[in-house]
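All remarks here apply to the structure that follows.
When a ligand or atom number is given, it counts from 1 through the structure's own listing order. Worth saying up front: this structure is predicted, and the values here are computed from it rather than measured.
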Amino acid sequence: MATNLFQTLTAPNGVSFEQPLGLFINNEWRAAKSGNLITVPSSLGAGRLAVAVYPRSLISSPRNEQEIAKVHAGGEQDIDDSVKAARQAFRGPWSAISGTQRGELMRKLADLVEAKTDTFASIDTWNNGKRFASAQGDVSELTATLRYYAGFADKLALCLPPIPEVIPVNLEKLAYTSRDPIGVCGQIIPWNYPLGMAAWKLGPALAAGNTIVLKPAEQTPLSILVFATLIEKAGFPPGVINIVNGVGRTAGASLASHTGVDKIAFTGSTNTGREIMKLAAVNLKNISLETGGKSPLIVFEDAELSNAVKFSHYGIMANQGQICTATSRIFVHKKIYDQFINLFVEQVKKTSVVGDPFAPGTFQGPQVTKAQYDSVLSYIEAGKQEGATVAYGGKALTGVNGKGYFVEPTVFTNVSDSMKIYREEIFGPCAAVSSFSTEEEVIERANDTIYGLGAAIFTENISRALTVAKRIEAGSKFESSLTVYGYSYANPLFFCTVVWINSSQDSDIRIPFGGVKQSGIGRELGEAGIEAYTQVKAIHVNLAHRV
Ligand code: TXE
C-alpha cells in the first residue's frame with residue numbers, strides 16, 4: 001500500500017521542491033484507495049495498438065530515462081470521491097461566492113504560480129523534456145490564462161451572447177434568460193503542455209462558476225500536482241478544484257463515464273476522443289474535444305521566403321514536434337521548391353540543436369516517453385520504406401549519459417499523398433514536404449485529410465491569402481458561395497479556428513481555438529472558451545391573474 005504523499009526532489013538544474021505524490025481531493029492530499037502507483041506510464045492510447053505497453057515503470061525523465069518519483073494512480077473510487085466533493089462545492093460554498101470573488105481567487109492563484117515560475121519550469125523540463133525556456137513560457141501561459149479569465153468572472157453578463165436579457169413577450173408575462181455554469185466538469189489533459197492545457201480548461205471553467213475534477217496525463221503529472229498545493233493557499237473552498245492523477249483507461253474512463261459529471265473536456269488523440277464520447281454518452285454529458293491534426297503549411301511562389309522558412313521550421317520542430325497544430329505537411333510551389341528545400345534544411349541544421357533540455361543552447365529536447373519515441377521512429381522508418389527522400393535527419397540520437405529519447409529533426413521530400421508520413425499524425429519533429437502547381441490543387445490536397453485543426457499560408461498577395469484561408473478546412477467548413485445583392489462571397493457560415501497568414505503556431509489566449517472534422521468539437525480560449533462552460537437558462541414569469 002502506497003502511503004508516501006510528499007517527497008523532496010531536486011531537479012538536474014539544482015532546483016529543489018516538495019513534490020506531492022497523492023491525489024488532491026476536497027483540498028486534502030490522499031493516497032489512491034487501491035494503493036496503486038503509476039507503474040506503466042504509457043501505452044499508445046486507446047486507439048493505437050493496445051499492445052504497445054512498455055515495461056518501464058513510474059514517472060521518469062525522457063532526457064536520461066531515470067526515475068523521478070512514484071506517483072499514486074487514482075481509480076474509480078477516487079474519481080467517485082472527487083466528483084462528490086466537486087458536487088458538494090458546486091451546490092454549496094462555490095455557488096455562494098460572487099463572480100468578483102471568483103476573479104480575485106483566480107488572480108491570487110496566478111500570483112502564487114508566478115512566484116514559483118522556475119520551479120514549475122524545472123519540473124516540466126525534467127518530466128516532459130521540453131527546453132527550459134519553453135517550460136517557462138508554459139508557466140506564463142498558465143498565469144496569463146488565469147488572469148485573462150479572472151476578468152470574465154464578474155462580467156459574464158456583459159460579454160456572452162445571448163446576454164442575459166428580458167425578452168418582451170406580452171403584458172402578462174415576463175421572460176428573461178440567465179447564463180449559468182454547467183456544474184461539475186471533468187477535464188482530461190495530455191502531456192505535451194501539462195500546465196498550458198490545464199490552464200486552458202481551468203481558467204474558463206472557474207470563471208464561469210463550475211467545479212472541476214482534472215486528470216493530468218499519467219506521463220507528466222508532477223507540475224500539476226505542485227500546482228495543486230497552491231489551490232488552498234489561494235483560498236479556494238474544498239472541492240472546487242480536484243486533481244486526480246491516474247491512468248487513462250482507469251481514472252480517465254471513470255471520469256468520462258461518471259454520471260455525476262455534467263461536462264467532459266478533453267485534449268488528446270482522436271481515438272481516445274472517440275472513446276471518451278462513447279463513455280460520456282451514458283448521461284449525455286456536455287462535451288468538448290480537442291484532438292489530433294495533420295496541418296498543412298502552403299508556400300506560394302510570391303512568399304517572403306526567409307519568413308516562410310523560419311515558420312516552416314518552427315511550425316513542425318517546436319516542442320519536439322509535439323503540438324496538435326504542428327504544420328507537418330509542407331506544400332511548396334514548384335517554382336521555388338528547390339530553393340525552399342535548401343534553405344529549410346539549412347534552417348533545421350542551424351536551429352534545431354538537439355540536446356539536454358536544461359542546456360541553454362538547446363532547441364529540441366527528447367520525445368516525452370519511450371512510447372512516443374518509438375512511434376516517431378516507426379513513422380520515420382515507414383517514410384523511408386515507402387520511398388520518401390530523407391533530406392535531413394532520420395535517425396535516433398542518444399542524449400544525456402548515452403540515454404534518452406532523442407530523435408533527429410527530420411525532413412522528408414518527394415513525399416506522395418498516400419504515404420503514412422503524409423496522412424497520419426506523427427507528433428514528432430518530422431516534416432513531409434511536397435510541391436504543387438496551382439492554387440486549386442494545393443487547396444484540394446491540403447483539405448484531403450480527416451483532420452481540420454491549423455493551416456499556414458505564405459504569400460504576399462492579400463486576396464490570395466484571404467481566399468485560401470477561407471477555403472482551407474482548418475477549423476472551417478467551406479461549402480459553397482453565397483450571393484448577396486449581386487455580390488458573390490464564400491459561404492460565411494464556416495467555423496474558422498486556426499489559419500495563420502505568414503506565420504505558424506501563433507497562439508493567443510484571447511483568440512478561439514479548436515478543430516473541425518476529426519480534430520475536435522467545440523472551442524477553447526477567448527470568449528468562446530468561456531461560453532463552452534456556461535449554459536443558458538430561460539425563466540418565464542406569469543404576471544397574469546392566477547386562477
Ligand atoms: O494520447 P491519449 P497518448 C496524439 C498524438 C500522440 C497520440 C497518443 O498523436 O502520438 O495522441 O498519445 C487520457 N478514457 N496526441 O496516448 O491516449 C490519458 O490518460 C479517458 C495529440 O498520450 O489521447 C491522457 O490524460 N481518458 C494531443 C489523455 O487522455 C483517457 C496531445 C491523452 O491521452 C483514456 C497528446 C480513456 N480510455 C497526444 N485513454 C493534442 N491534441 O494536443 C487515455 N486517456
Which is closest to [atom] in terms of heavy atoms, [options]?
{"atom": "atom 4 (C) of ligand 1", "options": "Lys278, Met197, Glu425", "answer": "Glu425"}
{"atom": "atom 14 (N) of ligand 1", "options": "Gly268, Ala217, Ala253", "answer": "Ala253"}
{"atom": "atom 42 (O) of ligand 1", "options": "Cys324, Ala280, Ser519", "answer": "Cys324"}
{"atom": "atom 19 (O) of ligand 1", "options": "Glu424, Glu218, Gln322", "answer": "Glu218"}

Sub-4.0 Å heavy-atom approach of Phe266 to ligand 1: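 Judged by the 4.0 Å heavy-atom criterion, Phe266 does count as contacting ligand 1.
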
[X] bridged to [Y] by N-O distance under 4.0 Å:
{"X": "Asp138", "Y": "Lys130", "result": "yes"}
{"X": "Glu524", "Y": "Lys201", "result": "yes"}
{"X": "Arg87", "Y": "Asp262", "result": "yes"}
{"X": "Arg63", "Y": "Asp356", "result": "yes"}
{"X": "Lys294", "Y": "Glu425", "result": "no"}

Decide whether an N or O pair under 3.5 Å exists between [X] and ligand 1.
{"X": "Glu275", "value": "no"}
{"X": "Gly248", "value": "yes"}
{"X": "Ser269", "value": "yes"}

Aromatic plane relationship, Phe363 with His313 - under 30° parallel, 30 to 60° tilted, over 60° perpendicular: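 His313 and Phe363: tilted rings.
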
Geometric class of the Trp200/Phe513 ring pair [parallel <30°, tilted 30-60°, perpendicular >60°]: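 Perpendicular, since the angle between the ring planes exceeds 60°.
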
Test log, rule side-chain contact (heavy atoms from CB on, under 4.5 Å), inputs Lys285 and Leu279: CA-CA 9 Å; Lys285 287 182 185 64; Leu279 295 169; over 6 Å; no

For ligand 1, note which part of [X] has a heavy atom under 4.0 Å away: side chain, backbone, both or neither.
{"X": "Ile276", "result": "side chain"}
{"X": "Ile189", "result": "backbone"}
{"X": "Ala256", "result": "neither"}

I'd like to check which ligand 1 atoms, numbered from 1 as shown, lie under 4.0 Å from a non-hydrogen atom of [X].
{"X": "Asn192", "value": "31 (C), 42 (O)"}
{"X": "Ile188", "value": "13 (C), 20 (C), 25 (O), 26 (N), 28 (C), 29 (O)"}
{"X": "Gly252", "value": "14 (N), 20 (C), 26 (N)"}
{"X": "Pro190", "value": "31 (C), 35 (C)"}
{"X": "Gln372", "value": "6 (C), 8 (C), 10 (O), 12 (O)"}
{"X": "Glu290", "value": "41 (N)"}
{"X": "Lys215", "value": "18 (C), 19 (O), 25 (O)"}

NZ or CZ of Lys116 within 45° of Phe17 ring axis and under 6.0 Å: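 Output no; distance or angle outside limits.
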
Arg30 charged N/C atom sitting above Phe24 aromatic ring, 6.0 Å / 45°: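 Judged by the rule (NZ or CZ under 6.0 Å from the ring centre, within 45° of its axis), Arg30 is not positioned above Phe24.
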
Aromatic ring proximity, centroids under 6.0 angstrom, Trp500 and Tyr314: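 Ring centroids of Tyr314 and Trp500 are no less than 6.0 Å from each other.
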
